[in-house]
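Here is the structure we will look at, set down as structure tokens.
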Amino acid sequence: MRPLTKVTEIPQISTGFGSGNIYRERILPLLRYLRRNPLLIGGIGLLVALFGCVILGYLFYEQEDWMGNKQGVDGLTRADSVTAREKPSWNPFGVHPLGTDEQGRDILAVMIVGTPLTLRIGLIAAAIGVGVGMILAFLAAYVGGWVDGIIRVVVDSLIPIPGLLILVLIATSLNPGKGLTVDQMAFVISILAWPGPARAIRSQVLVMRERGYVEMARMSGTSTIGIVFREMMPNLSPYVLASFVASVAGAILASVGLEALGLGPLDSPTLGMTIYWNIYTSSLLKSLWWWLIPPIVVIVLLFIGLFLMSAGLDEVANPRLRRRV
Amino acid sequence: MTTAEVSPTAAVNVDIHSENVLEVENLKVYYDTDAGHVKAVDDVSFTLKRGERMGLVGESGSGKTTMAMALMRLHKPPAIIAGGTVRLDGLSLLDLNEEEMRQTRLRDIALVPQGAMNSLNPVYRVRDQIIDGIKHHTDNDKMPNKAMVNERVIELLNSVGLDSNVADMYPHELSGGMKQRVALAIATSLRPKMILADEPTSALDVVVQRQIMLTLEQLQQEMQASVLLVGHDMGLMAQFADVLGVMYAGHLVEFAPIKEIFEDPKHPYTKKLISSLPDIEVKGQFTGIDGLPPTLVVPPPGCRFHPRCPIYNNDEDFRGEFADLRNGLNTDLCTTVDPHLNEIETRRWVACHMYERGS
Amino acid sequence: MPWNYIISRLAMFFVTIYIASTIVFFLPRISGQNPLEEKLLEEAARGGFLEDTQAMVEAFDEKYGFNKPVWEQYVKFMVDIVQFDLGRSIFNWPKTVNQLLAETILWTIALGLLTLIFAFIIGTLMGAILEWKRHKTFLMVLMSPILTLSAVPYYLFGLVLLLAFSFVWSIFPLFGGYSRGIAGWPDWSNWSFIGNVLWHATLPALSVVLVSLGGWAMGMRGMMVTTKGEDYMLQAEAKGLPDRVMFFRYGIRNAMLPQLTGLALQLGLIVSGLVLVEVVFSYPGVGGLLVQAIPRNDHAVIQGIVFVLALGTALATLILDLAYPLVDARIKYSQG
């Protein structure tokens with residue numbers, strides 16, 4: 001039992017603007033808050049750890065090619081760079097710690113190269129999706145009238161349409177045979193990445209527009225642009241960030257889905273393409289389990305990290321969900 | 001007016017000759033927080049007679065609602081009952097198990113919720129919400145048939161001044177005053193011995209407020225139930241209550257019949273509270289009470305009121321009236337010893353060092 | 001009867017269908033390739049016979065109007081869609097898309113519906129109990145793996161299950177909807193056939209149910225937090241209602257309402273979510289059909305599948321919108 005007479009510490013309020021105070025005023029409270037938000041911490045931690053491994057891999061991992069020469073992982077971006085002497089094999093104590101696949105590629109190297117590629121698709125698509133969504137949300141909430149009407153009808157009617165299948169249509173018609181590049185994949189996915197954020201942010205903007213401080217700013221003659229950027233954006237940022245993280249996860253989900261259907265970049269070793277080659281070559285029937293497990297594990301870690309982060313950000317944005325005493 | 005009649009639903013172990021319906025002794029309700037125990041209700045004792053109407057006032061955060069909830073054991077974590085006893089017609093409520101306590105609620109002690117609350121389940125009709133309280137306090141084989149239950153619902157609605165067709169309405173179709181009447185109908189459906197009303201008229205307009213209070217009074221008199229009315233509207237208390245309790249920072253600091261407390265408040269806090277009321281005859285100004293209520297995590301040492309106490313701080317306005325009492329007061333006690341609630345005259349309880357000498 | 005509400009919902013439904021069918025019409029035409037030509041070239045190359053393919057393509061285009069201006073094709077497409085004529089598959093000639101869908105869609109719908117209902121009921125109850133009895137640690141212990149799983153796509157978890165229960169321990173079959181090569185099968189009046197189907201469906205169903213449990217549970221838990229804080233919950237307790245009654249009639253009954261919206265949305269989406277699960281398990285549903293059609297650019301089939309699934313989702317949303325006021329009296333049939 002804690003002593004009842006303990007006087008609570010009174011935080012020191014500094015008045016200066018020196019650089020040392022930024023730590024105390026901004027970063028320290030943030031760190032204190034983070035300590036109470038294990039979801040956010042866990043998510044960020046997991047992703048940082050995953051990409052720490054990728055960076056370390058890029059810096060230090062050397063794979064041995066079929067002639068016994070050592071080389072970095074870069075050579076793997078081309079599908080035809082067959083590096084191993086024996087294929088496919090699994091011998092964790094040999095030169096290929098995770099074994100090699102049907103084409104003789106070093107699976108650890110594939111993971112090191114594929115993980116950032118997959119994330120890249122997610123980031124580009126989510127950035128476009130959230131950006132477009134946010135613009136539409138503000139347009140809908142501020143212009144109102146028929147603009148709001150049209151945006152709402154389009155968004156509401158797009159959300160129930162199964163996105164993956166539309167993407168299948170787009171990807172099939174764009175790519176016959178050759179496969180898209182990683183960036184083209186991202187653009188295709190971004191086509192359907194905006195309705196979700198648009199709807200979520202619009203409702204937040206509508207709520208926020210009626211808040212006291214926005215009303216105050218309006219009455220004191222601040223322009224709409226000024227209100228949007230100075231008053232609303234800072235308060236919207238947790239929502240936007242949460243929406244962005246969720247969109248990254250959604251875009252990666254879509255990209256892996258498209259890739260698993262064989263509509264991905266055939267010459268890039270993304271995580272989804274690795275799954276596709278597994279399905280395509282019926283790797284399980286050939287007992288190549290060590291080829292199937294690594295991409296699943298990495299994708300699952302990626303999703304869990306993003307999921308935790310998005311749940312943690314939701315908690316920041318909606319204090320109601322916060323853990324109570 | 002306090003006829004000790006035998007309630008038909010009283011449990012067998014109840015002493016039927018006891019005049020006191022509610023006896024609260026040394027009740028302690030603490031909030032168990034990161035910062036330590038917050039003593040929201042600390043050592044509160046009082047008794048309430050059959051058919052008596054008690055008012056309980058105090059600033060927000062003084063623990064009055066917490067105490068009212070604890071009486072029905074409706075307090076929620078992190079609140080815990082840390083000690084004391086609560087006896088309802090001789091039945092020790094804090095010793096009941098969960099199921100016994102559940103049976104006691106509504107049957108013996110009922111709650112009229114705050115007026116501002118959405119206390120009705122939005123998805124069921126009024127009829128069903130009145131019936132489910134009755135149903136879960138009646139043995140299955142003793143449950144009257146449907147027609148009789150419906151008749152009872154109509155009877156209850158009429159008794160609170162509502163039309164019979166309200167039974168088939170949903171809560172969102174009712175006005176605030178109507179909802180509160182439905183809440184009254186539910187609370188009185190099993191003729192409880194004790195009704196707890198926690199600011200039942202907050203957020204209602206003045207006319208409706210008056211109607212609701214009149215209805216409550218009428219039902220209470222008809223059933224000879226005791227009422228504990230929690231609030232901070234002294235005017236309402238003056239009209240409604242027989243006795244008044246005043247809470248400050250978790251303590252009951254004064255408890256006395258309403259007339260006496262208004263004419264001759266003993267505790268300096270009560271004194272200030274009453275002098276802060278706009279006086280209709282004198283048209284005196286509303287002075288309010290200076291200072292802020294103390295934090296209950298680290299309450300002031302000694303008497304919790306001393307930092308704001310006009311006597312301790314020797315305010316000019318209070319020098320005349322309390323001069324004698326203050327002369328004999330050892331102000332060191334105020335900062336070191338927490339005063340006990342003592343009965344200084346018959347049914348005049350006060351917790352202040354000014355009255356402790358001699359006893 | 002609130003006619004304007006029904007009409008506005010119906011209008012919304014038709015707008016969705018219209019947008020979906022327009023997308024379905026135009027998207028495959030972006031590339032401007034002629035899948036038939038490719039198919040004929042492929043066939044001809046296989047048979048060593050390359051003459052007259054151009055004439056055949058032209059005859060085909062002539063017959064089905066593919067040489068007409070795009071807007072004319074669009075009008076014809078729309079007229080066909082209204083009559084639910086989805087055209088013919090090029091690669092399963094002369095089967096119509098309707099026939100192909102009829103062969104596969106029941107497999108998908110049965111699997112999807114069962115898994116959705118299972119996951120919804122179990123997940124919702126779990127979430128509700130999780131919040132109701134928040135002090136029970138074993139529930140938290142149970143929840144963490146389920147929540148972790150909910151971040152994983154169905155088909156990836158399906159692959160893991162396949163790896164574990166079919167490959168390492170051969171408890172369940174590696175692929176298919178039922179065992180092939182047994183005389184007289186499929187025969188739905190035969191109990192051992194039905195048992196065989198269930199045996200094949202176990203892993204696909206598990207991969208969907210276990211993954212989607214967490215989402216339902218989390219959604220319900222969030223709603224339950226809100227509901228528990230409502231004034232009527234305190235009042236229910238003050239009324240001396242038993243815990244069971246408060247849990248079901250006050251807690252779940254109110255917290256469920258937003259879950260139902262999610263259910264209707266999922267009703268349409270789960271079929272498209274199943275596509276990849278079907279691929280992983282080589283299940284004889286719509287997903288398998290789609291995967292065959294994609295590399296062959298069998299546009300009519302892809303279009304048909306996308307259209308039917310969009311139709312299903314829109315229909316589910318429509319039904320929900322019309323039925324929702326029945327479960328929540330507060331919702332008036334109003335526009336917006």
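Just so we're on the same page: letters track the sequence lines, and every chain starts at 1.
Only the backbone of B:Leu120 has a heavy atom closer than 4.5 Å to any heavy atom of chain C. Using a 4.5 Å cut-off between heavy atoms, B:Lys76 contacts chain C through its side chain alone, with no backbone atom that close. Only the side chain of B:Met69 has a heavy atom closer than 4.5 Å to any heavy atom of chain C.
A salt bridge does not link B:Arg181 to B:Asp163: none of the charged nitrogens lies less than 4.0 Å from a carboxylate oxygen. Comment: B:Arg53 engages B:Glu217 in a salt bridge, judged by a side-chain N to carboxylate O separation of less than 4.0 angstrom.
Contact count versus chain C (heavy atoms, under 4.5 Å) is highest, among B:Arg73, B:Arg105, B:Glu98, B:Met72, for B:Arg105. Here B:Asp132 is the residue among B:Ile186, B:Asp132, B:Leu196, B:Leu111 with the most heavy-atom pairs under 4.5 Å with chain C.
Ring-plane geometry between C:Trp107 and C:Tyr283 is classed as perpendicular, the angle between the planes exceeding 60 degrees on a 0 to 90 degree scale with a lower cut at 30.
Side-chain polar atoms of B:Tyr124 and C:Asn254 form no donor-acceptor pair below 3.5 angstrom.
Separating the CZ atom in C:Phe247 from the NZ atom in C:Lys228 is a distance of 10.0 Å, to the nearest 0.5 Å.
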